[in-house]
Amino acid sequence: QVQVVESGGGSVQAGGSLRLSCAASGFTRGTYCWGWFRQAAGKAREGVAVIDTVGRTNYVDSVKGRFTIPKDNAKNTLALEMNNLKAEDTAMYYCAVGYSTLGGYCYRERSRFSFWGQGTQVTVSS
């Protein structure tokens, strides 16, 4: 069965950095979309960034220039590197795996992802 596990959450001061990691198993490597989503208290789950089957990425505007999602194909893991963190980044962060389009493109939409991790909390204090 497909398993998705996130780790690395914690508390950090505004302006600091944090790295989350995601590992997924139970499916053929390289054939699915990978993504990071987050859900702040009282808010809907938001797509932070996705990477498609050929390495193309799509970030939500609020994190562009601050977050990156390097994929380690050798280890079959996806990281979320967060820099210059802001209080508004506070949320539960989820890693997810989903299906690409026929052309291998991955949309940054919750409905496109089928397999989810349990979440890891990131809290940014000012």
Side-chain angles (χ1 to χ4, degrees):
Q1 67 277 18
V2 176
Q3 291 185 311
V4 182
V5 180
E6 314 97 334
S7 63
S11 297
V12 63
Q13 294 186 38
S17 299
L18 200 63
R19 179 186 174 97
L20 307 184
S21 295
C22 174
S25 61
F27 57 92
T28 303
R29 296 180 182 183
T31 60
Y32 294 90
C33 304
W34 294 63
W36 285 99
F37 293 75
R38 65 186 180 185
Q39 187 165 19
K43 303 292 185 179
R45 192 167 298 185
E46 172 188 48
V48 177
V50 299
I51 184 166
D52 69 16
T53 56
V54 294
R56 293 172 295 197
T57 56
N58 185 324
Y59 296 85
V60 65
D61 286 345
S62 61
V63 309
K64 288 180 179 178
R66 299 191 297 121
F67 292 9
T68 59
I69 51 167
K71 179 72 166 62
D72 189 329
N73 292 316
K75 298 181 179 179
N76 200 36
T77 59
L78 180 72
L80 177 60
E81 296 183 342
M82 302 182 287
N83 299 303
N84 190 26
L85 282 160
K86 303 175 180 180
E88 52 263 42
D89 294 317
T90 295
M92 183 72 74
Y93 283 73
Y94 299 88
C95 182
V97 177
Y99 301 102
S100 70
T101 67
L102 290 176
Y105 184 77
C106 298
Y107 292 95
R108 187 173 43 77
E109 298 177 1
R110 182 180 180 181
S111 62
R112 293 283 186 168
F113 290 81
S114 301
F115 310 103
W116 295 81
Q118 80 289 345
T120 185
Q121 179 68 35
V122 172
T123 301
V124 183
S125 60
S126 299

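This structure is a prediction, so every number in the text was calculated from the model and none was measured. Position 1 is the first residue of the sequence, and the numbers go up from there.
The aromatic rings of Trp116 and Tyr94 sit perpendicular to each other, their planes meeting at more than 60°, with 30° as the lower class boundary. Ring geometry for Phe67 versus Tyr93: interplanar angle of 30 to 60°, hence tilted.
Closest approach of Lys71 to Thr77, counting heavy atoms only: CD-O, 3.2 Å. Pairing each heavy atom of Thr90 with each of Val124, the nearest pair is OG1-N, 2.9 Å.
Interatomic distance, Arg108 CZ to Glu46 CD, rounded to the nearest 0.5 Å: 7.5 Å.
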Stepwise side-chain contact (heavy atoms from CB on, under 4.5 Å) check, Val60 with Trp36: CA-CA 10 Å; Val60 65; Trp36 285 99; over 6 Å; no
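Within the structure, salt bridge (charged side-chain N to carboxylate O under 4.0 Å, His left out) pairs that include any residue of residues 76-93 comprise Arg19-Glu81, Arg38-Asp89, Arg66-Asp89 (at least two apart or interchain). Applying the disulfide bond (SG atoms under 2.5 Å apart) test to pairs two or more places apart or on separate chains, those with a residue in residues 78-126 are Cys22-Cys95, Cys33-Cys106.
Gln39 contributes no side-chain N or O that, together with a main-chain N or O of Ala91, makes up a donor-acceptor pair within less than 3.5 Å. The backbone N or O of Gly104 lies less than 3.5 Å from a partner atom in the side chain of Thr53, making a donor-acceptor pair.
Here Ser25 pairs with nothing under the side chain to side chain donor-acceptor pair (under 3.5 Å) rule; sequence neighbours left out. A search for side chain to side chain donor-acceptor pair (under 3.5 Å) contacts involving Asp72 returns nothing, not counting sequence neighbours. Judged as a side chain to side chain donor-acceptor pair (under 3.5 Å), and not counting sequence neighbours, Lys43 has no contacts.
In this structure, Val5 stands alone, with no Ile, Leu, Val, Met, Phe, Trp or Tyr side-chain heavy atom under 4.5 Å from its own, directly or through other members.
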